[in-house]
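Numbers restart at 1 for each chain; the letters A, B, ... are given by sequence-line order, proteins then strands.
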Amino acid sequence: MFIDLRDRTGLVQLAFGPGWTAADVLALAASVGVESVVLCEGELVARAPDRVNPEMLTGDVELQVTSLRIVGPAVTPALQVARGRGEKLAAEELRLRHRYLDLRRPELQENLVLRHRLLQVSRRFLSDRGYLELETPILTKPTPEGARDYLVPSRVHPGEFYALPQSPQIYKQLFMCCGFDRYFQIARCFRDEDLRADRQPEFTQIDVEASFVEQEDILRLAEALVGALWKEAGHDIPAQFPRMTYAEAMETYGCDRPDVRYALPIRDYSAPFGSVDFGVTRAALDAGGRVRGIVLPNAASWSRKQVDELEALAKGAGAAGLLRVRHVDGAYDGPLAKFLTDDVRAALALRDGDLALLVAAADRFANPALDRVRQECARRLDLVDDKAQQFLWVFDFPMFEQDAVTGALAAVHHPFTASHPADMLAYPDEPARWRALAYDVVLNGTELGGGSIRTSDPAVQSRMFALLGIGETDEQERRFGFLLEGLRSGAPPHGGIALGFDRIVMLLAGAPSLRDVIAFPKTTAARSLFEGAPVPVPTTDLDELGLTLRASGVIA
RNA sequence: GGGGGCGUAGCUCAGUUUGGUUAGAGCACUCGACUGUCACUCGAGAGGUCGCGGGUUCGAGCCCCGUCGCUCCCGCCA
């Protein structure tokens, strides 16, 4: 009789036989249930050639067992850990509920081992370069802007609250003011926002900050760190990543984190369309919009329905519609065709079999629409190389984004980011035109992380707050006084970056979800099914915190 | 906050279209046989709040209303 023995390193077959196993041990072996924990001794022997299992890594040996103890008998598992060929995984809800079993699966074990290795590489890499691993508080001060905070009531101070950190941003800047000129932390961050497959309420980032650095220094450091992480996972990637300004990314890809594994660039056809007497394009151009679009090779054969699906995507992203024109057998075809001038035809430069998809609108509607259409077309044209790893820096983000209705400014990165000094000089009264010294690192259309050079002049920082609507000195001091005091007490120029560690592990593990690289993740409802959190607490506990619950069902 | 999908045995699923006998299969489990297996094989058995609540109906796994959970997406995520 045989038992598959599994540990962290793999499987080996235990063999029990009358020739080498005592009768009582044979009987005990027969009673071992699956997933039980055993201690055994025996002789590791080569299997006879006709008994080798070529599908098993250790299939040419077996342990001929002479002694056996069942040290951790297991009840029948709620879900199967060892699956037969072709057997499906249990539903994720079940696997999360019985995480102690699911984590026994070799796939998840490998993911967490990889996570460990990447953590160690990060620490060694940064420590070797003089970066100090410094810790920051988990109980911090609530920040009203940005994501919603997880709040923690104070027992000692009834009615007052801590917040869990959304990021260690201000603390790491204060470290710079303290003279810890190179800092890093594998930092846990918390955001009380709705979740996605690639978004958990608590997540881990590799957080880095350095003094007396410029953007170039941080980009180089991050490239080397990412290179070390990818190398640990078996990938050699370029030492330096291509760079693209935010303006170019938005112009050519309609997106600030473009997937550049394929081209399909967005082009501007506004000029030739200026003389086209077609209502839709005329109205958009007159309203200050543009006519931009993508030329798709060999897509003229797509059906009306297929293009309508693309139009639905564009509409979902805010466009009023998707204009289409195709070139078939030397002729132009589509609702636009009869309006086309020679100038437009020359600009589009359609070859036979090409399809052009255009959006006539203001950029803020056209960009997201063309971005989605471009991505879907690349998928349909099979242009996406799954094996390619196209890293990209996107930089020169705008400092602020302006609310289309109210005109209010909001920080694109965060309020502590420095603006381009040249922009502040050139357009002192037009902050909406300022570019930030901020940068994102993007892989295949996914943001891996981002950072910025920070404002180290307290007067400039104070002005940034004012531009963001925090004008009163009292309010600035109340909310960000601890940062402003730090800056006033002598602050070096500094900047940094944060990389989304869970997402990096997910990508390198080839996992479909963040939940597969976090030992005890939350569901999309921010619930932990394993230990069952959150839960109601007894009224006596609330009393001690000075809290009263509103009757359930009552909405503020 | 909004939209889509899913929820039937411990697990994976069929059954829901068109309401109708006692709700089925494979795996797992228990007992027995076999004993060089490695998705063992063979025989027998046990196992069900059809997510939950309400409604329609002579009759509901199936239709209607509500609700809970999981999941994907939009909003949101300085």
Side-chain angles (χ1 to χ4, degrees), chain A residues 1-5 11-19 21 26 29-31 33-35 45 47-62 64 74-98 101-102 143-149 166-167 169-170 189-201 203 313 315-318 368 372 397 399-401 408-417 436 438 447 450 452 464-465 468-470 479-480 500 512-513 515 521-527 529 532 553 555:
Chain A
M1 82 152 287
F2 306 91
I3 292 175
D4 278 347
L5 181 72
L11 287 177
V12 70
Q13 174 168 277
L14 304 184
F16 300 83
T21 311
L26 271 174
S31 74
V34 291
E35 296 304 321
V45 300
R47 300 196 201 177
D50 58 328
R51 293 174 183 170
V52 165
N53 180 357
E55 292 181 28
M56 194 174 180
L57 203 60
T58 59
D60 55 345
V61 296
E62 65 186 13
Q64 295 191 335
V75 297
T76 301
L79 45 88
Q80 281 171 256
V81 176
R83 286 169 299 148
R85 262 196 293 274
E87 273 185 71
K88 286 192 192 173
L89 283 178
E92 187 170 24
E93 181 176 355
L94 266 301
R95 293 190 286 115
L96 290 173
R97 204 175 295 284
H98 303 286
L101 288 172
D102 203 32
T143 52
E145 52 285 305
R148 276 184 283 263
D149 285 322
Q166 296 179 31
S167 93
Q169 181 62 35
I170 293 178
C189 306
F190 306 85
R191 292 180 191 171
D192 188 6
E193 295 293 343
D194 288 345
L195 308 181
R196 293 281 191 280
D198 61 352
R199 220 156 70 194
Q200 282 274 309
F203 60 97
L313 276 183
K315 285 182 172 173
R372 280 190 204 175
F397 279 79
M399 185 66 208
F400 302 103
E401 60 188 347
L409 296 178
V412 168
H413 189 52
H414 56 53
F416 321 113
T417 297
E447 181 189 332
S452 64
M464 290 296 175
F465 287 143
L468 292 166
I470 313 171
R479 282 161 66 172
F480 298 108
S513 163
R515 294 184 292 271
K522 304 287 189 288
T523 68
T524 50
R527 214 170 252 294
L529 298 180
I555 296 162

- Between OG1 of Thr417(A) and CZ of Phe397(A), what distance do you get to the nearest 0.5 Å?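 Between Thr417(A) OG1 and Phe397(A) CZ, I get 10.5 Å after rounding to 0.5 Å.
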
Which whole-number value in Å describes the distance from [X] [atom1] to [N] [atom2]?
X         : N       : atom1 : atom2 : value
Met399(A) : rA78(B) : CE    : C1'   : 10 Å
Asn53(A)  : rA39(B) : CG    : C1'   : 11 Å
Lys315(A) : rG3(B)  : NZ    : P     : 21 Å

When you compare [N] with [M], how far apart are their [atom1] atoms, in angstrom units rounded to a whole number?
N       : M       : atom1 : answer
rG66(B) : rG4(B)  : P     : 12 Å
rG54(B) : rC42(B) : P     : 45 Å
rG47(B) : rG10(B) : C1'   : 9 Å
rU67(B) : rC38(B) : C1'   : 48 Å
rG15(B) : rG53(B) : C1'   : 24 Å
rG51(B) : rG26(B) : C1'   : 23 Å
rC29(B) : rG24(B) : P     : 23 Å
rC6(B)  : rC13(B) : C1'   : 13 Å

May I ask you to say what [X] touches in the nucleic acid, namely base, sugar-phosphate or nothing, with a heavy-atom cut-off under 4.0 Å?
X         : value
Ala48(A)  : nothing
Glu92(A)  : sugar-phosphate
Ala410(A) : nothing
Leu468(A) : nothing
Ala15(A)  : nothing
Leu195(A) : nothing
Glu447(A) : nothing

Do the side chain of [X] and the base of [N] come within less than 3.5 angstrom through a donor-acceptor pair of N or O atoms?
X         : N       : value
Arg191(A) : rC77(B) : no
Asp50(A)  : rG36(B) : no
Arg47(A)  : rC38(B) : yes
Arg199(A) : rC76(B) : yes
Arg148(A) : rG75(B) : no
Gln80(A)  : rU12(B) : no
Glu93(A)  : rG51(B) : no

- Query: With a 4.5 Å limit on heavy-atom distance, are the side chains of Phe416(A) and Phe480(A) in contact?
  - Reply: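 In short, these two side chains touch, coming nearer than 4.5 Å.
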
- Query: Is there a side-chain contact between Glu35(A) and Pro77(A) (heavy atoms, below 4.5 Å)?
  - Reply: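 Contact flag for Glu35(A)/Pro77(A) side chains = yes.
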
- Message: Atom CG of residue position Leu57(A) - does it have more than 12 heavy atoms of other residues, nucleotides or ligands inside 6.0 Å?
- Response: no

- Message: On RNA chain B, compare the nucleotides closest to Arg97(A) and Val412(A); which residue's is nearer the 5' end?
- Response: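 The residue whose closest nucleotide sits nearer the 5' end is Arg97(A).
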
- Note on the structure: With the side chain defined as heavy atoms from C-beta on, Gln13(A) is closest, among rC76(B), rC38(B), rA78(B), to rC38(B)

- What is the pairing partner of rU67(B), taking Watson-Crick or G-U wobble pairs with both distances under 3.5 Å in any strand? rG51(B)

- Identity of whatever pairs with rG24(B) - Watson-Crick or G-U, under 3.5 angstrom: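 In the structure as shown, rG24(B) has rC13(B) as its Watson-Crick or wobble partner.
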
Answer yes or no: does a side-chain N or O of [X] lie under 4.0 Å from OP1 or OP2 of [N]?
X         : N       : answer
Arg95(A)  : rU71(B) : no
Thr524(A) : rU71(B) : yes
Lys88(A)  : rC11(B) : no
Thr76(A)  : rG10(B) : no

